[in-house]
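Chain A is the first sequence line, chain B the second, and so forth, proteins listed ahead of strands; every chain is numbered from 1. Here the structure is a predicted model, which is why all the values come from computation and not from measurement.
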Amino acid sequence: MKDVITRFAPSPTGYLHIGGVRTALISWAYAKKHNGQFILRIEDTDKERSTPQAIEAIKDGIQWLELINDGPIYFQTQRIARYSDVIKKMLEDGHAYYCYSSKEELDQTREDNMKLGKKPKYDGKWRPENNKTLPDIPEDIKPVIRFKNPIQGSVTWVDLVKGKITINNEELDDFIIARSDGSPTYNFCVVIDDWDMKITHVIRGDDHINNTPRQINLLAALEAPIPHYAHLSMILGEDGQKLSKRHGAVSVMTYKDHGYLPEALKNYLARLGWSHGDDEIFDMSELCEWFDFKNVTSSSAQFSKEKLDWINNYYIKNKDTDELSALIKKILLKNKFDNLDDKKITDAINLFKERANNLNELAQNLAFFFKPPKASKELIKKYFNQNTLELLSLFFKDLEGHGLSEATIDEYIKSFVKLNEIKFPSIAMPLRIIIVGTDQSPSVGSIISILSIDESLRRYNEFLKQYD
RNA sequence: GACCCCAUCGUCUAGAGGCCUAGGACACCUGGUUUUCAUCCAGGCAACAGGGGUUCGACUCCCCUUGGGGUCACCA
């Protein structure tokens, strides 16, 4: 196979969401698999809706996920001269023509066709044909330029995920390639760019299937090579509906903010609509090695936060401790925690990382190490009585001098339980309430050993003051 | 409305005509480990949308129905 070149071509009109990210991920992976190139192209020909913020959002997302593009980032607005040249040439060659129909006129035709149960399309009023007399050119209308689409025959391509697709040229109309202000439109720019950038595989959402025959016809008129097409099915929201602002179509960066690891999100997204046997957990080098369009599902997939959480938890548990510590420290700092101790953070993370679905949760779980907790009245009521206080007093009196390792503290607790003929929870639970602030935590010994005996004592004394 | 796409457990999926008594994962349930919780381990529940063909044989191929989705802009 010749060098594979893929592209991700978002329009900067909103945030980069999950669906776009999956398209980018697969385009990236396919290029990497074949030692090819992955191009990032910003389709900003719509001046009304494109914003600099959206461009930044795309860059941020791509960077966070490390789907690094090869070469420069292309902007369509910087290629206007090239588009004009091609349009001029097409006009000369008879592949394109001026159309003076007004918007009102077009709307009317569309409406009429709809009523007749026909496809609403341009009526070809200004399309030049042999032996056809064109209407007089109205003076008050600035024309658009249309592509002269073939009238007969059909367009067929073998889609890499959907299989063979055929669409009759009858279904297509002469679409506009340049607006009345002279600016080129999407369908036209895409074609020229894919051609100029030598894109071999156009990978995009299946909402573009209907644009594909138009683009193929245009390519053919230009005598340009036709790339392979792969139309990925959409990702549906958790409710099975199309991703929309109301249904989870949030920026990828909010996944970062919510404490998801980029490697987890990528793993999840890659697995959505694609599979490699029973493999659920795989890294990006495995994805690149394994990826094949024949394993891409052609039906749409519903997003599942639960499964993402499970994968995120897996990646958190298995992440390098230093890297994880750095991320957690950042979150703690952001939440205004001071007197952070690196060693303490690392030890605490190792103790808590298996129980967190995301980084924020993990940071939250660690909070009590750096700020004394405040247990709820209900919990105190549940675990404390006069007897408890006496036990605690005995326990703390003797706590010092038993060494600070998890093992020695555990041993002390065990012997304490035995000596006083009580059940383990009778002392462990109150200790949790005082030190952690909840009744659910890893072993008390491990926590005291990380927190220090002094601090544990301090919390005990503080608790006594409040208890009365 | 027209055209296009899609259809296996609740969800993500395996399945290239006999390997299917339909496999795995998430979720859920039960038990074990943890004298808490989480993790982990063992087990369980749960699906081929419906109807016609083709074939000795269909989850797999064809057709229809139904259901879902997409597109029909001087948006991308």
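Between A/Q302 atom CD and B/rG69 atom P there is a gap of 11 Å when expressed in whole angstrom units. If you measure from atom CG of A/D309 to atom P of B/rA38, you get 16 Å, rounded to the nearest angstrom. Rounded to whole angstrom, the span from the NZ atom of A/K164 across to the P atom of B/rC62 amounts to 12 Å. B/rU36 atom P lies 20 Å from atom CD1 of A/I434, rounded to whole Å. Rounded to whole angstrom, the span from the CD1 atom of A/I281 across to the P atom of B/rG24 amounts to 17 Å. Rounded to a whole Å, the CG atom of A/D123 is 13 Å from the P atom of B/rA73. Going from atom CE of A/M234 over to atom C1' of B/rC4 covers 14 Å, rounded to whole Å. Nucleotide B/rG70 holds its P atom 18 Å from the CG atom of A/D159, rounded to whole Å.
Among the atoms of the strands shown, only primed sugar atoms or phosphate atoms (P, OP1, OP2) are found under 4.0 Å from some heavy atom of A/T45. Residue contacts shown for A/A428 are absent, as no nucleic acid heavy atom lies under 4.0 Å away. Across all strands, A/N211 comes closer than 4.0 Å to base atoms (heavy-atom distances). Contacts of A/P442 with the nucleic acid, taken as non-hydrogen atoms under 4.0 Å apart, include base atoms. In this structure, A/H208 reaches the bases: a heavy-atom distance under 4.0 Å links it to at least one base atom across the strands shown. Using a 4.0 Å heavy-atom criterion, one finds that A/T297 contacts the sugar-phosphate atoms exclusively. Among the atoms of the strands shown, only primed sugar atoms or phosphate atoms (P, OP1, OP2) are found under 4.0 Å from some heavy atom of A/K162. Here A/S275 lies in heavy-atom contact (under 4.0 Å) with sugar-phosphate atoms only. A/R432 comes within 4.0 angstrom of a nucleotide base, judged by non-hydrogen atoms across all strands. Nucleic acid contact class of A/E43 (heavy atoms, under 4.0 Å, all strands): sugar-phosphate only. A/K294 comes within 4.0 angstrom of a base, heavy atoms only. When heavy atoms are screened at a 4.0 angstrom cut-off, A/G205 is found touching no nucleic acid atom at all.
Looking at A/T23, A/D206, A/D207, A/D159 one by one, the single match for side-chain hydrogen bond (donor to acceptor under 3.5 Å, both in side chains) with A/H231 turns out to be A/D159. Applying ring-ring contact (aromatic ring centres under 6.0 Å, His included) to A/Y268 and the options A/Y260, A/W310, A/F303, A/Y314 leaves one that passes, A/F303.
For the C1' atoms, the distance linking B/rC9 with B/rG23 amounts to 12 Å, nearest Å. Using C1' as the reference atom, B/rC3 and B/rG17 are 33 Å apart when rounded to the nearest Å. Look at the P atom in both B/rU55 and B/rU65: the space between them is 23 Å, to the nearest Å. For the P atom pair drawn from B/rC59 and B/rG52, the interatomic distance equals 14 Å after rounding to whole Å. Separation of the C1' atoms belonging to B/rA73 and B/rU54 is 45 Å when rounded to the nearest angstrom. Comparing B/rC64 with B/rU60, their P atoms sit 16 Å apart, to the nearest whole Å. The gap from the P atom of B/rU39 to that of B/rA46 amounts to 25 Å, rounded to the nearest Å. Spacing between B/rG10 and B/rA47 at atom C1', rounded to whole Å, works out to 10 Å.
Across all strands shown, B/rA25 forms a Watson-Crick or G-U wobble pair, both distances under 3.5 Å, with B/rU11. Of the nucleotides present, none pairs with B/rC48 by Watson-Crick or G-U wobble criteria with both distances under 3.5 Å. Both distances falling under 3.5 Å, in either a Watson-Crick or a G-U wobble arrangement, place B/rA2 opposite B/rU71.
Remark: the A/T156 side chain and the A/T166 side chain contain an N/O donor-acceptor pair separated by less than 3.5 Å. At a cut-off of 3.5 Å, with distance as the only test, a side-chain donor of A/D439 or A/Y383 sits close to an acceptor on the other residue.
For A/R110 and B/rC72, the shortest distance from a side-chain N or O to OP1 or OP2 is not below 4.0 Å. Neither OP1 nor OP2 of B/rC74 sits under 4.0 Å from any side-chain N or O of A/S180. Between B/rC40 and A/K317, a contact under 4.0 Å exists linking OP1 or OP2 to a side-chain N or O. The shortest distance between the side-chain N/O atoms of A/R179 and the OP1/OP2 oxygens of B/rA76 is below 4.0 Å. One finds a side-chain N or O of A/Q241 lying less than 4.0 angstrom from the OP1 or OP2 phosphate oxygen of B/rG69.
Comparing atom distances between the A/K307 side chain and each of B/rG24, B/rA7, B/rG69 picks out B/rG24 as nearest. Comparing atom distances between the A/Y186 side chain and each of B/rC5, B/rU13, B/rA76 picks out B/rA76 as nearest. Nearest nucleotide to the side chain of A/E306, out of B/rG70, B/rC26, B/rU13: B/rC26. Comparing atom distances between the A/W310 side chain and each of B/rC26, B/rU39, B/rC3 picks out B/rC26 as nearest. Distances were taken from every side-chain heavy atom of A/D207 (C-beta onward) to each of B/rG70, B/rC12, B/rC6; the shortest belongs to B/rG70. Nearest nucleotide to the A/L106 side chain, out of B/rU71, B/rC74, B/rU39: B/rC74. The A/I165 side chain lies nearest to B/rC5 when the options are B/rA76, B/rC5, B/rU35. Closest approach to the A/K103 side chain among B/rC4, B/rU35, B/rC74 is made by B/rC74 (side chain taken as heavy atoms from C-beta onward). If you check B/rA2, B/rG24, B/rC72 against the side chain of A/E280, the one that comes closest is B/rG24.
Aromatic ring centres of A/Y30 and A/H201 lie closer together than 6.0 Å. Separation of the A/F370 and A/F368 ring centroids does not fall under the 6.0 Å cut-off.
Along RNA chain B, the nucleotide nearest to A/A301 and the one nearest to A/M429 differ in position, and the one closer to the 5' end is contacted by A/A301. Nearest-nucleotide positions on RNA chain B for A/D46 and A/V161 put A/V161 closer to the 5' end.
Remark: A/R146 is positioned above the aromatic ring of A/Y122, its terminal NZ or CZ atom under 6.0 angstrom from the ring centre and at most 45 degrees off the axis. With a 6.0 Å cutoff to the six-membered ring centre and a 45° limit on the axis angle, A/R79 does not count as a cation-pi contact of A/W195.
Ring orientation note: the planes of A/Y83 and A/F188 are nearly perpendicular, at an angle over 60° on the 30°/60° scale. Below 30°, between 30° and 60°, or above 60°: for A/F416 and A/F395 the angle between ring planes is above 60°, a perpendicular geometry.
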